[in-house]
Amino acid sequence: MQQQVDALRSEALELIASAHDAASLEAARLKYLGKSGAITALSEGMRNVPKEERPVIGKLLNDLRAAVTAALEDSQKRLLEAADLAAFASLDLSLPGTFPSPGTLHPLTQLMDRAVRCFRRMGFAIADGPDIETEWHCFDALNTPPDHPARNEQDTFYLPDGRLLRSHTSSVQIRVMETTPPPVRIIAPGSAYRRDEVDATHLAQFTQMEGLYVAEKVSLADLKGTLEFFFRELFGAGTDIQFRPHFFPFTEPSYEIDIRTEALGGEWMELAGCGMVDPAVFEAICERRGDRIYDPEKVSGFAFGFGLERLAMNLSRIPDIRMLVENDLRFLKQF
Ligand code: PHE
């Protein structure tokens with residue numbers, strides 16, 4: 001019996017040690033410990049063993065079973081470790097991981113922040129108004145007659161109820177003076193809408209920054225000083241600036257502002273509209289408010305407005321305005 005057990009043990013341990021995958025290990029387990037396995041069969045033979053020999057034989061069989069079970073567990077561990085190693089073999093754990101790349105502010109937002117910071121240093125506060133406007137705020141109060149081309153349905157988006165998507169941010173001038181006594185010194189960045197064919201220089205929705213300064217004795221010199229300071233902050237101290245006479249219904253006199261800098265090719269670029277607030281605008285405000293605190297005999301002011309997309313395109317040499325709304329990361333990452 002002893003010899004039989006020893007032979008079985010060495011045969012089983014050898015087979016288990018040589019098992020190279022889970023299936024051959026399971027086959028070995030069944031061969032010795034399964035229902036009809038060799039060790040199971042031996043244990044069943046205990047019935048025929050004389051009573052006095054049972055303790056000795058029983059111990060032999062228990063030891064055999066324990067040794068085979070331990071060998072099976074060892075082999076299983078060995079196989080799992082080998083599988084892990086194989087899975088990690090092609091991985092270099094010393095390589096850096098992949099990180100989500102941090103976003104940046106949109107170039108227009110960056111430019112708007114710069115512009116706002118500059119005007120705030122000169123004492124301008126930020127004002128706001130609705131994108132959906134009344135005709136009165138967008139046109140009538142701004143001295144724009146009913147037959148003015150800007151009021152045409154071809155140029156402006158009208159809603160069925162007669163309101164419209166503001167075609168410029170100048171409506172915020174009116175909103176501010178309606179509710180705030182002078183002196184007022186505000187800038188109003190925001191969207192404007194026009195029924196333009198979208199192309200390399202036009203969007204149907206774009207961004208403007210409006211400015212308004214009304215107080216006693218505000219002069220054209222204040223207007224020029226303020227805007228020259230602003231544009232030289234943006235484009236550099238050596239920038240040439242010219243105020244070219246123009247017409248806007250709500251300012252008198254009115255100008256367009258052109259900028260020229262060697263760094264950007266030395267060509268004049270038309271960048272903004274501006275002028276001294278027309279007395280007719282102050283009269284419209286007085287009528288609406290029912291008081292005379294905006295009496296054009298007592299206060300004066302200047303207003304200006306420019307398109308931020310146009311400014312960004314000139315500052316950063318962006319060839320097509322649509323790039324600013326396409327959200328192509330290859331473009332946006334350059335800012
Ligand atoms: N609202 C004008 C435009 O959109 C710009 C402007 C603003 C001109 C204020 C004069 C004063 O073209």
Side-chain angles (χ1 to χ4, degrees), residues 112 115 119 122 124 126-131 133-145 148-152 154-157 164-177 184-196 201-214 218-220 222-228 230-231 241-259 269-282 284-285 294 296 299-314 321:
M112 194 189 287
F119 281 113
M122 293 189 277
F124 285 77
I126 298 198
D128 199 4
D131 288 26
E133 257 305 359
T134 66
E135 272 199 274
W136 188 78
H137 288 90
C138 199
F139 295 127
D140 297 298
L142 287 162
N143 194 35
T144 309
H148 191 279
R151 302 185 69 146
N152 204 302
Q154 247 69 52
D155 293 313
T156 298
F157 293 104
L164 48 78
L165 296 182
R166 66 183 180 196
S167 56
H168 53 183
T169 47
S170 299
S171 52
V172 184
Q173 295 181 33
I174 304 304
R175 293 267 168 198
V176 168
M177 290 190 280
V184 292
R185 187 153 45 177
I186 57 97
I187 46 168
S191 285
Y193 308 81
R194 289 182 195 169
R195 297 185 73 150
D196 278 331
T201 52
H202 295 89
L203 293 175
Q205 176 181 355
F206 58 104
T207 318
Q208 285 192 328
M209 185 174 275
E210 191 78 14
L212 175 70
Y213 180 20
V214 179
V218 174
S219 72
L220 189 55
D222 297 319
L223 163 63
K224 290 188 78 172
T226 302
L227 290 173
E228 282 181 3
F230 171 67
F231 283 113
I241 300 170
Q242 79 184 4
F243 289 75
R244 184 167 35 79
H246 194 72
F247 174 79
F248 297 105
F250 37 93
T251 46
E252 180 60 29
S254 304
Y255 303 91
E256 284 197 316
I257 305 177
D258 303 328
I259 305 287
M269 309 176 276
E270 177 194 316
L271 283 185
C274 66
M276 301 305 292
V277 178
D278 194 296
V281 174
F282 287 137
I285 295 290
Y294 278 97
V299 296
S300 57
F302 67 75
F304 59 87
F306 52 83
L308 278 171
E309 284 86 357
R310 169 82 72 87
L311 201 57
M313 289 169 76
N314 281 298
I321 196 171

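All residue numbers refer to positions in the sequence shown, counting from 1. The figures that follow rest on heavy atoms only: side chains count, while hydrogens, waters and symmetry mates do not. All ligand and atom numbering here is 1-based and tracks the order in the structure.
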Looking only at heavy atoms, the pair that brings L271 and N314 closest together is CD2-ND2, 3.3 Å
To the nearest 0.5 Å, atom CG of L165 lies from atom CD of E133 at 10.5 Å
* May I ask you to decide if P249's main-chain N or O and N143's side chain share a donor-acceptor pair within less than 3.5 Å? => yes
In this structure, atom 2 (C) of ligand 1 is nearest to the protein heavy atom F250 CZ, 3.9 Å
Numbered in order shown, the ligand 1 atoms found under 4.0 Å of a heavy atom of G305 are 6 (C), 7 (C), 9 (C)
For H168, the atoms of ligand 1 under 4.0 Å from one of its heavy atoms are 1 (N), 4 (O)
Okay, side chain of R175, backbone of H137: is any donor-acceptor separation there less than 3.5 Å? no
Requested in this report: Could you tell me if the ring centre of F250 sits under 6.0 Å from that of H168?
Outcome: yes
Quick look: R166 vs ligand 1, heavy-atom contacts under 4.0 Å, and the answer is neither
Would you say F306 contacts ligand 1, with heavy atoms under 4.0 Å as the rule? no
Practice item. Check the angle between the aromatic planes of F119 and F304 and answer parallel, tilted or perpendicular using the 30° and 60° thresholds. Key: parallel
C274 heavy atoms within 4.0 Å reach ligand 1 at atoms 8 (C), 10 (C), 11 (C)
With a 6.0 Å cut-off on ring centres, are F230 and F306 close enough? yes
Counting from 1 in the order shown, the ligand 1 atoms closer than 4.0 Å to a non-hydrogen atom of F304 are 7 (C), 9 (C), 11 (C)
Here the atoms of ligand 1 under 4.0 Å from any heavy atom belonging to G273 are 6 (C), 8 (C), 10 (C)
The protein heavy atom nearest to atom 1 (N) of ligand 1 is S170 OG, 2.9 Å
| said: Please determine whether any non-hydrogen atom of M209 lies less than 4.0 Å from an atom of ligand 1. | reply: no
- Would you say ligand 1 has an N or O under 3.5 Å from any N or O of R194? yes
- Item | Ion pair check, D131 and R166, cut-off under 4.0 Å | yes
Atoms of ligand 1 under 4.0 Å from any heavy atom of Q173, numbered from 1 in the order shown, are 9 (C)
### Task
Looking only at distances, please establish whether an N/O atom of ligand 1 is found under 3.5 Å from an N/O atom of Q208.
yes
**Request:** Please answer whether the main-chain N or O of R194 pairs with a side-chain N or O of S167 as donor and acceptor at a distance below 3.5 Å.
**Result:** no
